[in-house]
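Below is one structure; the comments refer to it alone.
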Amino acid sequence: MSTTVKNIALAGNPNTGKTSLFNSLTGAKQRIGNWPGVTIEKKEGSLLNHPEVNVIDLPGTYSLGAHTEDEMVARNFLLLEKPDTVINVLDATNLQRNLYLTVQLLEMGVPLIIALNMMDEAGKNEITINIPKLAVLLKTPVIPTIARTGEGLPELIQAAVTPDKTPNLRPCNCPKQAFQLDYGEKIEAEIKMLEQVIAALEVTPASYPVRFMALKLLEDGEEFLRTIHFRETIGEAQTEEYHKLCAFRKQSLDRLQKVHGENLTTVLIEKRYAFIDTLLKQVIISPDLSQAITFSDRIDRIALNRYLGLPLFFLAILLVFKLTFTVSSPLVGLLEEFFTRLGDLLAILITNDLLASFFIEGIIGGLGGIIVFLPIILCLFLAISLLENSGYMARGAYLMDRYMRLLGLEGKAIIPLVVGFGCNVPAILATRTLKSSRDRLITIFLIPFMSCGTRLPVYALFTGVFFQEHQALVMFSLYLLGILLAVITAKIFGQHLFPGETSPLLIELPPYRLPSLRDTLIQMGEKSLSFFKKVGTIILTMVMISWVLASFPWGVEYAGPESFMSKLGALLAPLFAPLGFGTREAASALLFGVVAKEAVVSILGVLYGTGQEALSTVLAMNWTALSAYSFMVMTLLYIPCAGTIGAIKAETGSWKWTSFAVAYTFVLAWLVAFLVYRGGLLLGLV
Amino acid sequence: MSENELLLASTRQGSKVVIKKISGGTDLKTRLNEMGINRGTEINVIRNDGWGPVLIALSGSRIALGRQMAGKICVEKVAR
């Protein structure tokens with residue numbers, strides 16, 4: 001009987017070259033989504049030359065426990081989706097720790113193939129591994145690979161799709177052959193006892209080995225039971241059995257506690273490591289690396305230096321910023337030019353005014369508004385992939401940890417925040433480098449307060465009229481205000497909205513590596529593409545709505561005083577009266593600014609009927625310095641632009657959080673502008 | 001703690017120590033254990049600035065631990 005393999009999952013520690021191997025196995029055709037319920041990226045693709053086989057890249061983890069989101073995602077996938085083959089990617093230079101995950105996979109009874117990766121680096125480090133013996137001891141096929149060069153891949157694919165022909169590959173439902181680790185007399189006795197209880201209660205879903213169930217019940221307890229019963233529901237009768245199992249577990253734990261006097265989990269982990277150590281002694285010859293000073297260590301003497309480390313890291317962020325915005329800017333200009341030309345062309349071709357306006361302002365305006373992000377996002381992901389794939393990102397996390405921890409965030413959060421000063425949209429995408437959902441969400445909420453480039457024209461206009469002598473100072477104060485509110489928001493959200501501690505820093509600093517061009521390009525391309533799919537519709541919808549509001553009743557000047565937009569502005573104006581700018585013009589401009597903040601300036605020009613040049617004179621007559629400052633505060637803080645809203649929705653995957661971000665920023669902006677204006681009046685400023 | 005024992009957070013940069021005991025929550029302990037930081041494991045302290053995370057070498061790999069975490073790991077100096 002031959003098994004048809006439809007799903008292959010890739011499991012492995014972080015930094016084992018798992019993603020690189022995934023790229024080799026699937027080529028450039030990948031789909032990026034989210035794992036259900038969490039903001040962790042899910043990557044899938046079809047196996048090369050086997051389009052019917054789906055390959056899933058599980059998050060890189062050290063274990064299959066339930067201690068981090070990544071681990072839970074990986075474990076639940078293996079338990080509930082039951083892939084036909086699991087490829088466990090190991091870093092051959094670091095077998096001791098890598099094999100810990102392997103042991104867990106073996107205990108789970110999944111059909112496993114080991115890809116012993118980075119064989120070239122193992123060779124360089126003079127590590128010799130007896131591969132056939134390793135395969136025999138683990139009762140699992142082991143295939144040496146070098147993901148970067150593709151060496152060993154044909155063999156790996158062959159083994160993965162034809163498990164029946166591969167020696168040592170067991171289908172998961174043969175418990176007799178199953179890998180078994182001896183935990184010692186006392187623990188084994190409890191495992192046997194629980195096995196009997198589980199068998200007697202007939203709650204074992206047939207596809208899990210009983211021993212594995214017993215072990216996991218002992219180790220993870222109720223959490224594990226909930227996971228497997230999530231799918232394998234047996235109805236009401238189960239609750240009683242569930243409690244029985246929990247009770248038996250408790251008794252076992254109590255007995256073992258007396259014997260070991262140590263947390264059982266620790267004992268189990270130590271037993272597994274002891275097994276691995278014994279195993280390695282038989283298969284590996286390696287020089288003592290514990291005292292070795294590697295090439296990476298030498299770089300780190302400078303890169304992590306007490307004085308130089310931080311300036312160097314800021315230099316790196318500055319380069320990311322430059323690469324994202326400066327390198328992309330000629331392309332952005334070109335695209336903008338293209339869309340303007342296209343609009344001009346359509347204006348000639350389409351004679352019907354309504355249709356012309358619909359296509360030019362609506363469709364072209366909307367598409368243009370999306371596509372101009374393309375070069376920016378491509379460049380951002382290029383920069384971030386380079387940082388991540390070279391190994392430097394982990395250093396940044398280490399360096400910034402001590403500072404960002406004050407905000408209750410992990411060190412890497414600094415990168416999206418800095419990118420936010422250029423544009424909030426790529427900044428929100430950059431939060432993907434953060435590990436925990438909690439930190440990602442908080443950082444996403446902080447980003448809109450980073451004053452991006454599109455808000456500058458508004459500041460430039462008003463400071464140019466009212467604060468000519470202190471233009472730079474006033475602008476600087478706005479940037480600072482944004483940062484201050486971000487800090488306050490981080491504190492409040494961290495303590496109240498997302499209680500619980502930031503997960504403490506525990507990361508591996510991988511050796512520095514030259515990033516592979518292919519992996520970087522794939523990462524860049526796929527991430528950008530998935531962004532446009534998700535964000536495009538939102539931006540387009542908002543542009544359409546604003547087009548309707550600005551062009552109707554048909555025949556009025558676009559966004560002019562007679563348009564719906566302006567009428568809506570008049571309706572909303574009283575809301576802004578306490579802030580010093582309760583006018584139809586200001587309210588309409590803010591309304592339009594939700595689509596893109598730089599539009600605030602042009603709409604003011606249209607509504608005051610002056611165009612850009614004379615706008616300064618009109619503003620000077622109708623506004624005061626105080627109301628102008630209050631308006632700038634409002635522009636800085638209120639509702640993020642369409643692109644940012646789209647990005648928030650795409651990255652949080654939730655309309656609830658997106659609406660929350662919109663509401664929170666608006667209320668906060670109103671309150672701060674109110675305080676500024678009223679406070680200023682009290683102080684006698686005008 | 002005996003005379004030779006101290007917390008990882010207060011070790012000197014460059015010293016070689018062996019893990020004696022990890023206190024603190026089960027979650028934290030488990031994560032450390034699973035990464036190979038167990039009782040009896042020998043590690044080298046690569047960087048400890050006196051504040052911020054501690055960087056250690058564990059066989060071939062380099063691992064950064066938050067300071068709080070390093071304050072819960074009891075180690076013993078190994079004579080060179």
Pick from A/N125, A/T265, A/L304 with the largest number of heavy-atom pairs that fall under 4.5 Å of chain B: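 Most heavy-atom pairs under 4.5 Å with chain B: A/L304.
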Counterpart residues, side-chain contact (heavy atoms from CB on, under 4.5 Å), relative to A/S390 (two or more places apart): A/Y392, A/P515
A/D91: side-chain contact (heavy atoms from CB on, under 4.5 Å) partners, not counting sequence neighbours: A/T16, A/T93, A/N94, A/N98, A/M118
Can you name the nearest heavy-atom pair linking [X] to [Y], along with the distance?
{"X": "A/P504", "Y": "B/R31", "answer": "O-NH1, 4.1 Å"}
{"X": "B/D49", "Y": "A/R306", "answer": "O-NH1, 3.6 Å"}
{"X": "A/R97", "Y": "B/I63", "answer": "NH1-CD1, 3.9 Å"}
{"X": "B/R62", "Y": "A/T294", "answer": "NH2-CG2, 3.8 Å"}

When rounded to the nearest 0.5 angstrom, what distance separates [atom1] in [X] from [atom2] in [Y]?
{"X": "A/R402", "Y": "B/R67", "atom1": "CZ", "atom2": "CZ", "answer": "8.5 Å"}
{"X": "B/R47", "Y": "A/D297", "atom1": "CZ", "atom2": "CG", "answer": "10.5 Å"}
{"X": "A/I269", "Y": "B/M35", "atom1": "CD1", "atom2": "CE", "answer": "12.5 Å"}
{"X": "B/L55", "Y": "A/L505", "atom1": "CG", "atom2": "CG", "answer": "10.0 Å"}
{"X": "B/N38", "Y": "A/Y100", "atom1": "CG", "atom2": "OH", "answer": "8.5 Å"}

If you count heavy-atom pairs under 4.5 Å between each of [options] and chain A, which one has the most?
{"options": "B/S59, B/G60, B/A57", "result": "B/S59"}
{"options": "B/T30, B/L58, B/L65", "result": "B/T30"}
{"options": "B/G52, B/P53, B/S61, B/G66", "result": "B/P53"}
{"options": "B/T41, B/N33, B/I22", "result": "B/N33"}

Portion of B/I46 that has a non-hydrogen atom of chain A nearer than 4.5 angstrom: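 Side chain only.
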Residue B/M69 versus chain A: region with a heavy atom under 4.5 Å: side chain
Short side-chain to backbone donor-acceptor contact, A/Y273 and B/E34, under 3.5 Å: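 Yes; judged by distance alone, with no hydrogens or angles, the pair exists.
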